[in-house]
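Report on the following structure.
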Number of protein chains: 2
Amino acid sequence: MTKPSARKRTSYHVGNLSERLMAEARSMLETVGPAKLSIRAISEKLGVSATAAYHHFSNRAALLSRLATLGFRELQQALIDNDQQIELQGDHRKRLQNASLAYLEFARANPALYQLMFGPEIGLDASDEGFEKARLEAFGELQKIIAASLNEPLESRTVRQASLAAWSHSHGLASLVIHKVVGFPEGMSSERLVETSFQGFEHVFGRSGVPSLRVSDD
Amino acid sequence: MTKPSARKRTSYHVGNLSERLMAEARSMLETVGPAKLSIRAISEKLGVSATAAYHHFSNRAALLSRLATLGFRELQQALIDNDQQIELQGDHRKRLQNASLAYLEFARANPALYQLMFGPEIGLDASDEGFEKARLEAFGELQKIIAASLNEPLESRTVRQASLAAWSHSHGLASLVIHKVVGFPEGMSSERLVETSFQGFEHVFGRSGVPSLRVSDD
DNA sequence: GGTTCAATCTTTGCGGTGATAAGTTCATGT
DNA sequence: ACATGAACTTATCACCGCAAAGATTGAACC
């Protein structure tokens with residue numbers, strides 16, 4: 001009796017433990033939240049000792065960083081897919097609005113993961129170079145979309161300015177929504193939210209608004 | 001010796017323990033980060049048993065919630081002070097830009113606290129009604145500024161739309177900056193950051209190709 | 001075949017954490 | 001004076017990240 005391991009001997013070496021840990025971690029991240037995500041719980045769920053995980057991730061922070069990296073890659077892909085699927089070459093504002101929508105829907109579909117991607121203070125591994133790279137590439141994708149929609153070269157100052165504005169807005173909106181801090185009805189669709197916010201910008205910056213002091217055309 | 005307590009007997013009852021715990025928690029929050037903020041460490045620093053804190057806060061989440069509540073009240077006050085100090089009744093865009101600046105500077109001055117305010121998943125107490133109230137009031141302040149600058153009634157749809165847009169943008173920009181994810185030079189001033197972002201919106205929403213008023217490289 | 005070896009996974013254990021239970025001190029009202 | 005209750009104490013528990021050292025396995029070499 002007292003065979004220490006409840007598992008059959010055939011599974012001492014799991015083989016794909018790393019992938020399975022990541023998958024379980026990602027799932028558990030969304031269910032229990034980042035704070036309660038523990039290596040012990042993940043390992044236990046996979047029927048494996050907790051320490052086994054430390055042979056695939058140097059520590060908890062590294063696990064979280066890899067999850068976040070994966071998130072940025074998925075976000076980038078979502079932006080790519082969405083943009084080339086829609087094809088709104090004519091209306092640059094509509095095209096940008098559509099990118100914002102894809103962004104918001106990614107965040108809503110993976111709220112905890114999204115939060116992790118932008119909350120390094122929770123405990124990410126800053127020395128993970130793949131993380132920084134993935135994040136920059138995702139931002140680069142947004143810049144590409146903006147550059148294309150504005151018909152400007154990627155390096156232009158206009159594109160950098162618009163990218164900062166767009167990323168700030170998209171990230172802010174997504175963040176407010178997944179934290180349920182917006183004062184709008186809970187069930188409001190992502191389309192409506194983005195539409196509402198864009199209309200708000202129209203009021204402030206658009207020609208329908210009150211003229212500012214320096215007006216270029218009149 | 002072996003007096004269990006190193007403190008003089010006169011200080012069994014601290015008296016203002018609750019305030020001192022909050023102050024120490026806030027300080028420690030910025031130094032060690034929200035994840036590493038422990039009740040034990042806070043209490044120890046005050047020369048008090050860890051359990052003493054539990055007589056003032058039902059649990060760790062309640063402590064964090066009260067910190068966040070305090071943060072929203074300070075943010076609201078910062079918006080008020082800034083707006084009535086500046087007085088830019090004429091240019092509504094400039095006025096909004098100034099509110100964004102105050103917002104960003106608050107976040108930069110209290111990065112960990114700011115993160116806590118918008119990261120309930122880290123472990124806030126959702127049942128804390130003061131927290132929700134403070135947050136709504138801070139948002140209400142922003143709405144008031146926008147309503148005044150747009151010369152619209154507070155309940156108008158325009159104001160709600162512009163408020164969602166403005167809060168999303170301000171929060172997103174602040175969040176990106178304090179997490180150091182913006183691709184701009186680290187030391188960039190808050191003024192420049194807000195200015196840059198607003199120019200970006202001009203490019204997207206403004207009338208055809210508004211030239212930037214300030215000529216400076218970014 | 002047997003032996004070695006490195007990778008993988010195990011048990012064991014340390015120190016720190018949130019939280020509860022039960023006891024101690026003290027200020028205050030009657 | 002003394003009862004009451006709030007403020008604080010010392011256990012103690014379960015869980016966590018993480019490190020050390022040992023066990024299991026497959027593959028590679030002879």
Side-chain angles (χ1 to χ4, degrees), chain A residues 1-22 24-25 28-29 31-67 116 121-125 127, chain B residues 1-22 24-25 28-29 32-67 116 121-125 127-128:
Chain A
M1 69 321 186
T2 71
K3 269 285 199 281
S5 159
R7 301 183 64 79
K8 289 293 171 201
R9 52 179 161 68
T10 55
S11 62
Y12 191 102
H13 281 151
V14 174
N16 57 342
L17 221 208
S18 184
E19 289 93 333
R20 293 183 59 197
L21 283 169
M22 286 284 293
E24 186 59 41
M28 221 173 264
L29 173 66
T31 58
V32 306
K36 295 279 185 184
L37 182 67
S38 82
I39 290 189
R40 285 166 120 100
I42 297 170
S43 309
E44 200 165 316
K45 196 127 177 188
L46 262 55
V48 137
S49 86
T51 326
Y54 283 88
H55 289 268
H56 300 275
F57 310 100
S58 60
N59 50 33
R60 192 184 111 111
L63 204 217
L64 295 180
S65 290
R66 280 195 42 181
L67 273 179
L116 188 67
E121 322 264 337
I122 294 177
L124 294 195
D125 183 4
S127 69
Chain B
M1 80 311 290
T2 72
K3 270 288 200 283
S5 159
R7 302 182 65 77
K8 291 289 171 204
R9 54 180 158 68
T10 55
S11 61
Y12 190 103
H13 281 150
V14 175
N16 57 343
L17 221 207
S18 184
E19 289 94 333
R20 293 184 60 199
L21 282 169
M22 286 285 293
E24 187 59 42
M28 221 172 265
L29 173 67
V32 307
K36 295 279 184 185
L37 183 66
S38 83
I39 290 188
R40 285 168 120 98
I42 297 171
S43 310
E44 201 164 316
K45 197 128 176 187
L46 262 55
V48 135
S49 86
T51 324
Y54 282 89
H55 287 267
H56 299 275
F57 312 100
S58 60
N59 50 33
R60 192 184 113 109
L63 204 216
L64 296 180
S65 290
R66 280 194 42 180
L67 274 179
L116 188 67
E121 321 265 335
I122 294 176
L124 294 195
D125 183 4
S127 70
D128 186 336

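None of the values given here were measured: they were computed from a predicted structure. Order of the sequence lines fixes the chain letters, A, B, ..., with proteins taken first and strands second; residue numbering starts at 1 for each chain.
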(request) Using a 4.0 Å heavy-atom cut-off across all strands, classify B/Leu37 as base, sugar-phosphate, or nothing. (result) sugar-phosphate
(request) Name the nucleic acid region contacted by A/Leu63, choosing base, sugar-phosphate or nothing; use a 4.0 angstrom heavy-atom cut-off, strictly under. (result) nothing
(message) Looking only at the side chain of B/Ile39 (C-beta and beyond, no hydrogens), which of the listed nucleotides C/dT20, C/dT12, C/dG18 gets closest?
(response) C/dG18
(message) Nearest to the side chain of B/Ala52, heavy atoms from C-beta on, is which of C/dC9, D/dC8, C/dG18?
(response) D/dC8
(request) Taking all non-hydrogen atoms of both residues into account, name the closest pair between A/Tyr54 and A/Asn59 and its distance. (result) CE2-CA, 3.9 Å
Can you tell me the distance, in whole Å, between the [atom1] atom of [X] and the [atom2] atom of [N]?
X       : N      : atom1 : atom2 : value
A/Met28 : D/dC15 : CE    : P     : 14 Å
B/Arg60 : C/dT20 : CZ    : C1'   : 18 Å
B/Lys36 : D/dC16 : NZ    : P     : 15 Å
B/Tyr54 : C/dA19 : OH    : P     : 4 Å
B/Leu17 : C/dT25 : CG    : P     : 18 Å
A/Leu46 : C/dT8  : CG    : P     : 16 Å
B/Arg40 : D/dC8  : CZ    : C1'   : 16 Å
B/Glu44 : C/dG15 : CD    : C1'   : 13 Å

(message) Go nucleotide by nucleotide along DNA chain C from the 5' end; which of B/Ala41 and B/His55 gets its closest nucleotide reached first?
(response) B/Ala41
Interatomic spacing from [atom1] in [X] to [atom2] in [Y] - rounded to 0.5 Å:
X       : Y        : atom1 : atom2 : result
A/Leu37 : A/Ile42  : CG    : CD1   : 4.0 Å
A/Ser65 : A/Leu116 : OG    : CG    : 7.5 Å
A/Glu24 : A/Leu17  : CD    : CG    : 11.5 Å

(request) For C/dT17, take OP1 and OP2 only and decide whether either is under 4.0 Å from a side-chain N or O of B/Ser38. (result) yes
(request) Determine: side-chain N/O of A/His56 to OP1/OP2 of C/dA7, distance under 4.0 Å, yes or no. (result) no
(request) On DNA chain D, check which nucleotide each of A/Ala50 and B/Ser49 is closest to and give me the residue with the more 5' one. (result) B/Ser49
(request) With side-chain contact (heavy atoms from CB on, under 4.5 Å) as the test, would you mind laying out the steps for B/Leu21 and B/Leu46 before giving the verdict? (result) CA-CA 8 Å; B/Leu21 282 169; B/Leu46 262 55; 4.0 Å; yes
